[in-house]
Q: 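So that we are looking at the same thing, I have put the structure below in structure tokens.
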Number of protein chains: 2
Amino acid sequence: MKNKKNELTKNQKIVLDCIQKSNKPVKAYSILSNVSKKGLKAPPQVYRALEKLIEVGEVHKIESLNSFVACNSKCIEPNGTIFSICKSCDQTTEVSNVALAKFLSDFKDMNGTQFSGFNLELFGTCKSCKT
Amino acid sequence: MKNKKNELTKNQKIVLDCIQKSNKPVKAYSILSNVSKKGLKAPPQVYRALEKLIEVGEVHKIESLNSFVACNSKCIEPNGTIFSICKSCDQTTEVSNVALAKFLSDFKDMNGTQFSGFNLELFGTCKSCKT
DNA sequence: AATAATTTGTTATATTATAACACTATCTTC
DNA sequence: GAAGATAGTGTTATAATATAACAAATTATT
Ligand SMILES: [Zn+2]
Ligand SMILES: [Zn+2]
Ligand SMILES: [Zn+2]
Ligand SMILES: [Zn+2]
């Protein structure tokens, strides 16, 4: 059974808040040091919150950076994520492109079976790193 | 400048051989224990070989698994990788689909700028895990 | 209130990856 | 082929990322 009100718990809110305030993907131990003043003092507290936040879709993990970002709420496909990542500064944005999301969601393997999820990471150079 | 003969070195060959012999993505420390009898006894030896092998395209890293696979030599796009990963057993295969690879390579950001690379991980259930 | 389920706090440890340094082998250029 | 540059090696130590395990506290259900 879930939380009756289906709300985030205290620790989950603290961690989510920390991630949302960053304009870049945040690392777990960076979160930990940022929220230590709020009482979260050990890695499991952060990792447990992250696990739940990811599960409910509030947070995504950027696998190639071992970092975490808040969902920009424009997730088109519930089972897929698309990110644009700056190779130079790690600035990351969630890509909302209907055609691309649909293409990936509809993609089937050799046997014609659809995949249940996907994660796409696009690498490039962000605006401010170009100048 | 590179190795004149552009060949892999002893350690690189040992590590590549180990990866190629596996039918699943291999973890760095698993490689380490597998090749310890061949003289590679410390993590940096494995990680340095991996770095080079990835650089030359012989090996890819599966980011979501922190594991490594040998390139199946069918890389369509030099700057992009596509993998199909079984959520149940981690069995991974490199996907060679021209349409998908082209779609991803040609994809442009909001400003019309092309990305320099991509990595797509497709999650599903492999044949043997379905039965 | 009793029970069950979830969340939390805490300690310890596992796993993944790199820094730093001395040394060796190989390549380049003269 | 010697001098210098580059790349690879071996080694020790340590950094960075993530989870196991268990006890205590909180919240939900009966
Ligand atoms: Zn999202
Ligand atoms: Zn940038
Ligand atoms: Zn490949
Ligand atoms: Zn499987």
Side-chain angles (χ1 to χ4, degrees), chain A residues 1-19 22 24-56 58-69 90 92 119 121, chain B residues 1-19 22 24-69 85 90 92 119 121:
Chain A
M1 286 293 148
K2 302 205 152 185
N3 194 330
K4 188 181 192 177
K5 296 185 278 182
N6 236 56
E7 273 180 5
L8 297 176
T9 65
K10 177 173 136 272
N11 286 4
Q12 289 158 10
K13 280 181 196 160
I14 291 171
V15 168
L16 177 57
D17 185 61
C18 172
I19 298 174
S22 169
K24 276 193 191 179
V26 215
K27 294 189 167 279
Y29 276 71
S30 159
I31 295 171
L32 180 57
S33 71
N34 285 337
V35 301
S36 65
K37 48 201 157 201
K38 296 193 176 166
L40 285 83
K41 287 170 188 160
Q45 296 178 289
V46 169
Y47 279 103
R48 282 193 291 229
L50 285 172
E51 184 182 29
K52 188 60 182 291
L53 291 167
I54 289 170
E55 186 189 320
V56 301
E58 289 284 355
V59 165
H60 303 300
K61 180 173 185 182
I62 310 296
E63 294 288 355
S64 64
L65 299 176
N66 292 321
S67 300
F68 304 87
V69 293
D90 292 347
T92 295
N119 179 45
E121 301 187 351
Chain B
M1 284 294 146
K2 304 205 152 185
N3 194 329
K4 188 179 192 178
K5 297 184 277 181
N6 235 57
E7 273 180 7
L8 298 176
T9 65
K10 176 173 134 273
N11 286 3
Q12 289 158 8
K13 279 181 198 163
I14 291 171
V15 168
L16 177 57
D17 184 60
C18 172
I19 298 174
S22 169
K24 276 194 191 179
V26 214
K27 295 188 166 280
Y29 276 71
S30 159
I31 295 171
L32 180 57
S33 71
N34 285 336
V35 301
S36 65
K37 48 201 157 200
K38 295 191 178 168
L40 286 83
K41 287 171 188 158
Q45 297 178 289
V46 169
Y47 279 102
R48 284 193 290 229
L50 285 172
E51 185 182 29
K52 189 59 183 293
L53 291 167
I54 289 169
E55 187 189 319
V56 301
E58 288 284 356
V59 164
H60 303 301
K61 179 174 185 181
I62 309 297
E63 294 288 355
S64 64
L65 299 176
N66 293 319
S67 300
F68 305 87
V69 292
I85 303 170
D90 293 347
T92 296
N119 179 46
E121 300 187 351

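Basis for what follows: all heavy atoms, side chains included, without hydrogens, waters or symmetry-related copies. A, B, ... follow the sequence lines: proteins, then strands. Residue 1 opens every chain.
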Q: Nearest whole Å is fine: how far is C:dT8 C1' from A:K13 NZ?
A: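 Going from NZ in A:K13 over to C1' in C:dT8 covers 15 Å.
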Q: With rounding to the nearest 0.5 angstrom, report the OG1 to CD1 distance, A:T92 to A:I62.
A: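 The CD1 atom of A:I62 is 5.0 Å from OG1 of A:T92, to the nearest 0.5 Å.
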Q: Should B:N11 and B:V35 count as side-chain neighbours, where that means a heavy-atom distance under 4.5 Å?
A: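 No; the side chains remain at least 4.5 Å from each other.
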Q: Using a 4.5 Å cut-off on heavy atoms from C-beta on, say whether the side chain of B:I85 contacts that of B:S64.
A: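 B:S64 reaches B:I85 side chain to side chain.
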Q: OP1, OP2 of C:dT6 versus side-chain N and O of A:T9: anything below 4.0 Å?
A: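 Indeed not, no polar side-chain atom of A:T9 lies that close.
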Q: Enter the distance from B:E63:CD to A:E121:CD here, rounded to the nearest 0.5 Å.
A: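 Spacing of CD (B:E63) from CD (A:E121) equals 6.5 Å.
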Q: Taking only side-chain N and O atoms of A:K41, does any of them lie within less than 4.0 angstrom of OP1 or OP2 on C:dG9?
A: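 So the side chain of A:K41 is outside the cut-off, no N or O lying under 4.0 Å from OP1 or OP2 of C:dG9.
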Q: Would you say A:K10 reaches C:dG9's phosphate, i.e. side-chain N/O to OP1/OP2 under 4.0 Å?
A: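 Answer is yes, contact under 4.0 Å.
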Q: Would you give the length of the straight line joining atom NZ of A:K38 to atom NZ of A:K10, rounded to the nearest 0.5 angstrom?
A: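 NZ of A:K10 is found 10.5 Å from NZ of A:K38.
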Q: Are A:L8 and A:L53 packed together at the side-chain level, in the sense that at least one heavy-atom pair is separated by less than 4.5 angstrom?
A: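 Touching, per the 4.5 Å side-chain cut-off.
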Q: Find the distance B:I54:CD1 to C:dT18:C1' and express it as a whole number of Å.
A: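 Nearest whole value for this atom pair: 14 Å.
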Q: Summarise how protein sits on nucleotides 12-23 of chain D as a single string, 5' to 3': B when a protein heavy atom is under 4.0 Å from the base, S for sugar-phosphate-only contact, - for no contact.
A: B----BBBBB--
Q: Could you state the atom-to-atom distance from CD of B:E7 to P of C:dT26 in whole Å?
A: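 So the two atoms are 12 Å apart, to the nearest Å.
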Q: Please report the distance, rounded to the nearest Å, between CD in A:Q12 and C1' in D:dT26.
A: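 For the pair A:Q12 CD and D:dT26 C1', the rounded distance is 14 Å.
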Q: Rounding to a whole Å, what distance do you find between B:E51:CD and D:dA7:P?
A: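 Going from B:E51 (CD) to D:dA7 (P), I get 12 Å.
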Q: To the nearest Å, how far apart are B:L50 CG and C:dA17 P?
A: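 Taking CG of B:L50 and P of C:dA17, I get 9 Å after rounding.
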Q: Just N and O in the side chain of B:Q45: are any of them under 4.0 Å from OP1 or OP2 of D:dG10?
A: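 Yes, such a contact exists.
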Q: May I have the distance from B:N11 (atom CG) to C:dA25 (atom C1'), rounded to whole angstrom?
A: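 Computing the B:N11:CG to C:dA25:C1' distance gives 13 Å.
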Q: Nearest 0.5 angstrom please: B:L40 CG to B:N34 CG, how far?
A: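 Going from CG on B:L40 over to CG on B:N34, the span is 11.5 Å.
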